[in-house]
Every structure is written in structure tokens, then in C-alpha cells.
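The structure under discussion appears below in the form of C-alpha cells.
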Amino acid sequence: IVCLDADLILDTGLIPFKEKFPKRFFECGIAEQDMVSIAGGLALQGKTPIVHSFSCFLSARPNEQMYNNSTEHTKIIYVGSLAGVIPAGPGHSHQAVRDIATVGSIPYLSMIEPSNSKELEMLVNWAVNENRQSTYIRLTSVPYKNNIKLPNNYKIKKGTGFEVLSGEKIAIVSYGPIMINEVLKSAELVKNKIGIRPKIVAIPWLNFIDKNWFDKEFRDIEFILSVDNHYKIGGQADRIRECLDQKN
């Protein structure tokens, strides 16, 4: 494993890695395109590169290089932090609200966003030790009180998720710690207003959903609401719509 950074070593938390493995750390400067190209060369030499930058920059600037790497069937793990509408402090330029669309369309690449630190650990293990292709890990990376707990028997299986809250008739689907926690808050409002507690499901997979799992998970549901931390076009909602279209 080698790590590549785009002059964000403090923000991305890579200082401990650099100190422990100085010969496996590469500082590429503010040059995400070069960083991803270098990662492609390292991957061709048998290394497992992990590249980290803010998602707004990593998903857009080197998108062509990411596509080239993926279609060469090399394995690279991309980590895009500060994704989505939040955080908004740095301004519009730092909001990654189209990254699922631009990265999720790259072939041979799985795009995922964990709901808590435990699931992140499991997904990193999957990306490093099980997935033979490339992975893009989308992170929000801001302080947030997280009440999400994984099921006791939870295992990583591509295209599947887990039930956060049991419910009936209505299902709300989302991903990531901020969105799912906000959805949990809204569930009580829905219950108080219409007397029905919605089922809440977290699906960490952003560009692929297992159709068989989906049909089984939502077989008793009459209405599904998708909450996307992304533009309307190209987000996880499009994958949910595809599953529903195939079901009909």
C-alpha cells in the first residue's frame, strides 16, 4: 500500500501514515491530475495506491485519469472527503454535489459512502483485501453526533444495505452519517403527522444496487423516498429508480 496526497496532509489525516511509512508516502502538491496519473503508474507496478483529496477536486479535475486507470483494470482506492452540500463553509467551490454522477459512471469502479466509522473500517478492508477493481470512498469528514449502529450480523456485500429503523408502508433510503441521522429525526415527524413510522434503510453503495436484495428488502413497501446529498441527476436515487423500473 502506498498513499498519495494533494497538499492536504493535515486535512486528510495522513500525517501518522507519513511518519510511520515515509517511503510509502508521496506528496504530489496541489495537482490531483498528476497524483492520479502517478497512482496509475504505481498500480501497474503492482502497488495498491490510496489517493486522498477533497471530493470536489478529486472527482472533477482528474476524472479523465481515473477513467483511464479504471479501463486499464488497475486497482486504485480513491478517498474523497468533505463530500456533498455539507460542509458549506469554504463556499460553493468546495461542495461536491455532482461527484456521484461523474465518478459513479466510471466502469470497473465501486463508489461507496459509509454510515459510521465501523462501516468505514469494514469498507476499507473490502476495498483493500476483497475488491479486485477500483473503489471510491466518499466521506463527509465533519464533526457530527452519530447515532447509527450496524446490525450485529452485518457483513459487507456489494450492492446491499441495512435497516436502520423498522417501519411500514413508507421507506426512506439514504447514505452517510449526516443524511441518515437527519432522516432518523424526520421519521418521528412523519410518525406524528400521519401515524406511520417509515422504514429507514442505509445503502452505502452509490453506483450499484443489488436488484435481488432490493426486491426482498422493500417487498412490503408502498412508497420509497430517496434522500440524496447530491444533485438530483446522477445520484443514488437514479439507481433506486432503475430497480423500481425493473420491478414494474
Side-chain angles (χ1 to χ4, degrees), residues 1-6 8 11-14 28 32-40 42-43 47-85 94-115 117 119-141 156-161 174-179 202-210 228-231 233-239:
I1 293 176
V2 293
C3 276
L4 293 82
D5 177 69
L8 291 169
D11 300 273
T12 57
L14 284 172
C28 301
E32 280 83 0
Q33 290 172 307
D34 288 340
M35 178 175 66
V36 172
S37 293
I38 293 168
L42 290 166
K47 308 297 183 184
T48 301
I50 301 178
V51 302
H52 197 165
S53 183
F54 293 166
S55 197
C56 57
F57 304 138
L58 185 59
S59 63
R61 293 173 178 174
N63 193 269
E64 179 183 353
Q65 286 76 20
M66 293 170 68
Y67 174 82
N68 291 341
N69 289 341
S70 190
T71 52
E72 288 179 343
H73 298 283
T74 53
K75 175 177 174 174
I76 298 172
I77 299 171
Y78 304 96
V79 183
S81 57
L82 298 183
V85 177
H94 284 58
Q95 291 177 310
V97 289
R98 60 190 182 96
D99 52 347
I100 300 176
T102 55
V103 174
S105 62
I106 295 176
Y108 318 116
L109 181 147
S110 296
M111 192 172 190
I112 50 183
E113 182 169 342
S115 59
S117 58
E119 189 176 33
L120 171 59
E121 181 181 338
M122 297 171 71
L123 287 169
V124 170
N125 180 69
W126 177 84
V128 173
N129 296 311
E130 297 182 40
N131 188 22
R132 296 184 178 182
Q133 299 176 333
S134 291
T135 307
Y136 189 105
I137 302 175
R138 189 180 194 254
L139 302 175
T140 45
S141 308
I156 298 299
K157 184 179 179 182
K158 186 175 180 179
T160 69
S174 194
Y175 50 85
I178 294 178
M179 302 308 295
I203 306 179
W205 308 90
L206 303 179
N207 65 340
F208 172 77
I209 296 177
D210 184 288
D228 249 326
N229 189 11
H230 190 269
Y231 277 129
I233 298 173
Q236 188 189 71
D238 284 355
R239 308 289 78 76

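Here the structure is a predicted model, which is why all the values come from computation and not from measurement.
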Spacing of CD1 belonging to Ile100 relative to CZ belonging to Arg239, to within rounding of 0.5 Å
9.5 Å
At what distance, to the nearest 0.5 angstrom, does CE of Met179 lie from OG of Ser115?
13.5 Å
All side-chain contact (heavy atoms from CB on, under 4.5 Å) counterparts of Asp11, not counting sequence neighbours
Leu8, Phe54
So with a 6.0 Å cut-off around CZ of Phe208, is the heavy-atom count from everything else above 12?
yes
Of all heavy-atom pairs linking Ile156 and Glu119, the shortest is CD1-CG, 4.5 Å
Anything under 3.5 Å between a donor and an acceptor, one on a side chain of residues 122-131, the other on a protein residue two or more places apart or in another chain? List them.
from   : atom 1 : to     : atom 2 : distance (Å)
Asn125 : OD1    : Asn129 : ND2    : 2.7
Asn131 : OD1    : Gln133 : N      : 3.2
Asn131 : ND2    : Gln133 : O      : 3.1
Asn131 : ND2    : Ser134 : O      : 3.4
Asn131 : ND2    : Thr135 : OG1    : 2.9

side-chain contact (heavy atoms from CB on, under 4.5 Å) filter on Lys157, not counting sequence neighbours, yields Thr160
Do Val97 and Cys56 make a side-chain contact, defined as non-hydrogen atoms from C-beta onward lying under 4.5 Å apart?
no
Contact summary for Ile137 and Pro114, nearest pair of heavy atoms:
CG2-CD, 4.3 Å
Test side-chain hydrogen bond (donor to acceptor under 3.5 Å, both in side chains) applied to Asp238 - qualifying residues, sequence neighbours left out
Arg241
CG on Leu4 to CG on Leu14, rounded to 0.5 Å
9.5 Å
Not counting sequence neighbours, which residues clear side-chain hydrogen bond (donor to acceptor under 3.5 Å, both in side chains) with Ser53? List them please.
Glu32
For residues 68-78, which residue pairs qualify under side chain to side chain donor-acceptor pair (under 3.5 Å), counting only residues two or more places apart or in two chains?
Asn69-Tyr78
Looking at CG of Leu42 and OG of Ser37, how far apart are the two atoms once the value is rounded to the nearest 0.5 Å?
11.0 Å
Within this structure, what is the CD1-NE2 distance for the pair Ile77 and His52, rounded to the nearest 0.5 Å?
12.5 Å
Return the set of residues passing side-chain hydrogen bond (donor to acceptor under 3.5 Å, both in side chains) with Lys158 (not counting sequence neighbours), or none when no residue passes.
Ser110
Does the side chain of Thr102 come within less than 4.5 Å of Ser59's, by heavy atoms?
yes
Can you tell me how far CE of Met35 sits from CG of Leu58, rounded to the nearest 0.5 angstrom?
5.5 Å
With sequence neighbours left out, the residues meeting salt bridge (charged side-chain N to carboxylate O under 4.0 Å, His left out) with Asp210 are none
With sequence neighbours left out, the residues meeting salt bridge (charged side-chain N to carboxylate O under 4.0 Å, His left out) with Asp99 are Arg138
Any side-chain donor paired with an acceptor under 3.5 Å for Ser55 and Tyr136?
yes
Note, Thr12 side chain near Asp5 side chain (heavy atom, < 4.5 Å):
yes
Could you check Tyr67 against Leu109 for side chain to side chain contact (heavy atoms under 4.5 Å, CB included), going step by step and ending with a plain yes or no?
CA-CA 9 Å; Tyr67 174 82; Leu109 181 147; over 6 Å; no
Can you list the residues that meet the ring-ring contact (aromatic ring centres under 6.0 Å, His included) rule with Phe57, with sequence neighbours excluded?
His94
Non-hydrogen atoms of Gln236 and Ile203 that approach each other most closely:
NE2-O, 2.8 Å
Identify the two heavy atoms, one from Ala237 and one from Asp228, that lie closest to each other, and give their separation to 0.1 Å.
N-OD2, 3.0 Å
Gln65 meets the side-chain hydrogen bond (donor to acceptor under 3.5 Å, both in side chains) criterion, sequence neighbours left out, with none
